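The next block holds one structure in the form of structure tokens; read it before the comments.
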Amino acid sequence: MTVVESVLSRVPEPLRSVLIKHRELLKFGIVGGTTFIVDNGVWFLLKLTVLEPKPTTAKAIAIIVAMIVNYILNREWSFRTRGGRESHHEAALFFLFSGVAMMINLIPVYVSRYVLDLEVPHVSRLAQEAADFASGSILGMLLAMGFKFWAFKKWVFPDELGERRRAGGDSEEDEPGDGIGNVRRLR
């Protein structure tokens with residue numbers, strides 16, 4: 001039994017059915033949470049050390065590192081039954097849309113620092129860091145995540161191209177039953 005099966009077998013039935021029905025969104029969210037930690041860990045490490053005077057550059061580097069992790073996890077787990085393009089074509093589309101999402105993510109940090117002047121000496125160091133976190137790690141990431149979920153499903157891992165993968169036994173079609181047996185489809 002996989003970890004996902006183990007966890008979902010303990011979830012009450014009404015919620016379990018919703019989670020199974022929206023499994024791609026759930027998996028996308030888990031991948032997003034993982035890359036959120038990677039992104040912020042790298043960002044704060046860089047902006048509090050070697051890139052202290054350049055928080056937007058530090059955020060861009062952190063996003064690129066998280067983007068690579070995000071591609072691997074989405075390709076191999078979240079959207080593994082979708083797609084079907086050649087790997088280089090799929091990766092190119094993924095990184096193209098992720099680049100657009102990175103620009104979306106950087107806009108709130110840029111506005112916070114350079115339009116609203118929420119940086120030292122105009123505000124305290126604590127206010128600067130809170131504004132950076134709220135703008136870059138919350139607002140920017142939420143905007144980018146919404147865009148990426150739409151773009152990945154529509155362009156990078158479209159369902160009609162995934163029929164070849166599902167035909168090989170990786171079916172995610174709903175099956176009758178109480179949902180417990182269907183938990184394995186979340187893998």
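Keep in mind the model is a prediction, meaning the values are calculated, not measured. The basis for the numbers below is simple: all heavy atoms, side chains too, and nothing from hydrogens, waters or symmetry mates.
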Ring centres under 6.0 angstrom apart (Phe95, Tyr71): yes
Parallel, tilted or perpendicular, as decided by the 30° and 60° cut-offs, for the rings of Phe79 and Phe149: tilted
Check: Ser124 side chain, Ala127 main-chain N or O, donor-acceptor pair, under 3.5 Å: yes
Salt bridge (charged side-chain N to carboxylate O under 4.0 Å, His left out) between Lys54 and Glu119, worked out: CA-CA 11 Å; Lys54 299 179 184 243; Glu119 63 180 335; over 6 Å; no
Lys/Arg-Asp/Glu bridge criterion (N-O < 4.0 Å) met for Glu24, Lys27: no
Ring geometry between Phe152 and Phe157 (parallel below 30°, tilted from 30 to 60°, perpendicular above 60°): perpendicular
Test item: Phe147 and Leu143 side chains (from C-beta on) under 4.5 Å apart, heavy atoms: no
Side chain Gln128, main chain Val120, donor-acceptor under 3.5 Å: yes
Leu118 side chain reached by Asp132 side chain, heavy atoms, under 4.5 Å: no
Geometric cation-pi criterion Lys47 and Trp43, 6.0 Å radius, 45° cone: yes
Main-chain N/O of Leu45 paired to Thr49 side chain as donor or acceptor, under 3.5 Å: yes
Verdict with supporting geometry, Asn70 and Phe94, side chain to side chain contact (heavy atoms under 4.5 Å, CB included): CA-CA 10 Å; Asn70 192 281; Phe94 182 92; 3.3 Å; yes
Donor-acceptor under 3.5 Å (Ser137 side chain, Ala134 main chain): no
